[in-house]
Amino acid sequence: MLEVLRSGQLAQGTMVSRLESAFQDATETKHAIAVNSGTTALVAAIQALELAPGDEVITSPFTFVATLNAIIEAGATARFVDIGDDFNIDAAAIHHAITDRTRALMPVHLYGYPADMAGIMPLAEQRGLAVIEDAAQAIGATQGGRPVGSFGIGCFSLYATKNVTTGEGGMITTHSDVIADRIKMLRNQGMRIRYQYEMAGHNYRLTDLQAAVGLPQMERLASLTLQRRRNAELLDEGLSGISGLILPSEDADRTHVFHQYTVRVTEDARLNRDQLAKGLTERGIGVGIYYPRVVFDYECYRSHPCVVTDPMPRANEFATQVLSLPVHPALTEDDIETVTAAVTGLLGD
Ligand SMILES: *Cc1c(COP(=O)(O)O)cnc(C)c1O
C-alpha cells in the first residue's frame, strides 16, 4: 500500500493489473477484469451480453440477494430453478424453466462448492445460452480439475468476508476477447480512449490500494484453501453420526473451498436449527444462517415485474435447516474441538 501511495497512481494502475494476472492464473482464463464489487461484476457480466428488456436469466433461489439484484439492475428478468442436495441449482431441472426469452444461465457456487457445471455447460451449449458463474464465494474451487470462473463468465467478490478480500472489490474472468473488451469499456464510462465514448458505461473501477491488499492473499490462496479444507475435515470427524445433522458432502470430481461449512439440522435432531444456533451463540460460537429465506421471498420482489417465481420446495425447506459453523483458516484445532463439543453437547443423545 505504501508502494501505491508513493507511486501516485491510486486507481487502475499496476497493482490492479497484478491482481488481475493473479486471477487469470488462478482461474486459468485469458482475461481477468477487476471491478469494485462482486455485485458490479455480475451487473457488468450481464450488461456485456447486451440483453433486451424481458430477456430472462435463470438462477438459483438459494443465494445472496446480490445475484438477483444484479439481474434486475442490468434490466433483465430473473427466473429460478430449485436447488439440489448440494445447495446449488439443480442442473437436471433447468430445462423446465427455459423459455424463448431465456438468454443466460447464472449458477451460484454456494458456500464455495461448484454448481454442477458438467450438467450445466452442455445444456447451455445445446440451447445457445450464455453462462455467468456467480463464483463470489468460490475462488479456487474446481470441477473435473477446472477452476470455477473458467466455464462461463466468472464473477468473484472480494468483499471483507470472502475467501480473498480487498475490503470491497470484485473480479470478472472470461476466455472471450469480445466480452472482456466490453466489460473494460463498461468499467470506465464506456471509453477505450479518453473522452471517446463508445457505449453508455459506468465507474466500476477498483483502486490500487485495494488490489495491494488482495495480492498477497492470492499468493497464499492454495495454503489458505487447504487450511479451510483441513478445518472442514476436522468438523466432519467431530460431528459425524449425530442424529438429524447432515454434514456437507463433496463429489469425487468437485473440490469445495469451504467459504462456509454448512450443516442441515433436520427434524430428526434433538433441537431445531434456531434452537441450535441460539445454544451455540450463547456458548460464544459465531454461527451464521445463509440464507434464512429464498432470495425472492420478500415484499419488494413479490410483485416485481422482473422477477418470475415458481414454487421452490427444497430451497424453502433448506432455508429453515441450514446453519454455518466456523471454518475460516485462522481457527486452531482447539477452536474446532470447542465447536464440535458444543454441537455434540447440544444435539448428542
Ligand atoms: C458476496 C456475494 C455477492 C456480491 O458480492 P459483493 O462484493 O458483496 O458485491 C454476490 N453473490 C454471492 C453469492 C455472494 O456471496
Side-chain angles (χ1 to χ4, degrees), residues 1-7 9-42 44-45 66 108-114 132-143 145-175 179-180 183-184 187 204-232 254-260 327-331:
M1 290 185 72
L2 284 172
E3 198 181 313
V4 172
L5 289 170
R6 285 176 184 135
S7 78
Q9 175 129 33
L10 303 195
Q12 216 53 72
T14 51
M15 213 57 91
V16 168
S17 305
R18 284 173 60 189
L19 188 67
E20 290 174 334
S21 297
F23 264 82
Q24 252 166 265
D25 293 346
T27 58
E28 298 169 12
T29 51
K30 189 167 174 200
H31 304 278
I33 305 129
V35 292
N36 52 14
S37 77
T39 307
T40 54
L42 292 167
V108 181
H109 306 307
L110 199 71
Y111 307 142
Y113 188 66
I132 297 173
E133 302 173 65
D134 183 339
Q137 305 183 355
I139 179 64
T142 63
Q143 181 170 21
R146 271 181 72 177
V148 300
S150 73
F151 294 91
I153 306 174
C155 296
F156 296 88
S157 167
L158 301 171
Y159 178 60
T161 59
K162 301 292 158 73
N163 287 22
V164 170
T165 177
T166 59
E168 295 275 9
M171 192 69 70
I172 303 165
T173 53
T174 178
H175 298 297
I179 295 287
I183 290 170
K184 282 181 201 166
R187 170 174 71 176
Y204 295 144
R205 295 183 304 265
L206 187 73
T207 69
D208 286 70
L209 292 164
Q210 290 167 298
V213 173
L215 256 177
Q217 296 169 64
M218 287 305 288
E219 281 158 17
R220 292 196 301 142
L221 181 61
S223 67
L224 288 169
T225 301
L226 199 61
Q227 194 56 51
R228 285 180 183 272
R229 289 179 56 80
R230 287 220 180 97
N231 292 345
R254 290 186 243 181
T255 57
H256 202 317
V257 296
F258 290 100
H259 173 60
Q260 299 292 348
V327 72
H328 61 81
L331 293 170

(message) One pair to check against side chain to side chain contact (heavy atoms under 4.5 Å, CB included): Gln137 and His109. What are the steps and the verdict?
(response) CA-CA 7 Å; Gln137 305 183 355; His109 306 307; over 6 Å; no

(request) Check step by step if side chain to side chain contact (heavy atoms under 4.5 Å, CB included) holds for Leu10 and Val4. (result) CA-CA 6 Å; Leu10 303 195; Val4 172; 3.9 Å; yes

(message) Run the side chain to side chain donor-acceptor pair (under 3.5 Å) test on Thr255 and Thr142 for me, step by step, so that the C-alpha distance in whole Å, both residues' side-chain angles and the decisive distance to 0.1 Å come before the verdict.
(response) CA-CA 5 Å; Thr255 57; Thr142 63; 2.7 Å; yes

(request) Tell me, with the steps shown, if Ile183 and Tyr204 meet side chain to side chain contact (heavy atoms under 4.5 Å, CB included). (result) CA-CA 9 Å; Ile183 290 170; Tyr204 295 144; over 6 Å; no

(request) Evaluate the criterion side chain to side chain contact (heavy atoms under 4.5 Å, CB included) for residue pair Val148 and Phe156; output intermediate values, then yes/no. (result) CA-CA 10 Å; Val148 300; Phe156 296 88; 4.3 Å; yes

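Atoms CD1 and NE2, from Ile139 and His259 in turn, are 13.0 Å apart once rounded to the nearest 0.5 Å. Taking CD from Gln12 and CZ from Arg187, the interatomic distance works out to 4.0 Å, rounded to the nearest 0.5 Å. For the atom pair CZ (Phe23) and CG (Leu215), the distance works out to 10.0 Å, reported to the nearest 0.5 Å. Atom CZ of Arg254 is separated from atom CD of Gln143 by 5.0 Å, given to the nearest 0.5 angstrom.
A donor-acceptor pair is defined here as one N or O able to donate and one able to accept, closer than 3.5 Å; such a pair exists between the side chain of Gln24 and the backbone of Lys30. Remark: the backbone N or O of Val108 is not paired with any side-chain donor or acceptor of Asp134 at under 3.5 angstrom. The backbone N or O of Met15 sits less than 3.5 Å from a side-chain atom of Asp208, completing a donor-acceptor pair.
In terms of heavy-atom proximity, Cys155 sits nearest to Ala45 at SG-CB, 3.7 Å. Nearest approach of Gln210 to Glu168, heavy atoms of both residues: NE2-O, 2.7 Å. Here the shortest heavy-atom pairing between Ser150 and Thr27 reads CB-O, 3.2 Å. For Thr29 against Gly149, the heavy-atom pair with the smallest separation is CG2-O, 3.5 Å. In terms of heavy atoms, Phe258 sits closest to Arg228 at O-NH1, 3.1 Å. For the pair Val327 and Ala232, the tightest heavy-atom approach, listed with the atom from each and the gap, is CG2-N, 3.9 Å.
Counting only heavy atoms from C-beta outward, the side chains of Thr207 and Asn36 never approach each other to under 4.5 Å. Two residues are said to be in side-chain contact when any heavy atoms from C-beta on lie closer than 4.5 Å; Ile172 and Ile153 meet this criterion. Leu331 places a side-chain heavy atom less than 4.5 Å from the side chain of His328. Here the side chains of Leu19 and Leu158 are in contact, with some heavy-atom distance below 4.5 Å.
The residues Arg146 and Glu133 are annotated as not salt-bridged, no charged nitrogen and carboxylate oxygen being separated by less than 4.0 angstrom.
In this structure, the side chain to side chain contact (heavy atoms under 4.5 Å, CB included) partners of Glu28, at least two apart in sequence or on a different chain, are Pro147.
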With a cut-off of 3.5 Å and sequence neighbours excluded, list every side-chain donor-acceptor pair involving residues 216-224.
from	atom 1	to	atom 2	distance (Å)
Gln217	OE1	Thr165	N	2.8
Gln217	NE2	Thr165	O	2.6
Gln217	NE2	Val213	O	2.9
Ser223	OG	Arg220	O	3.1

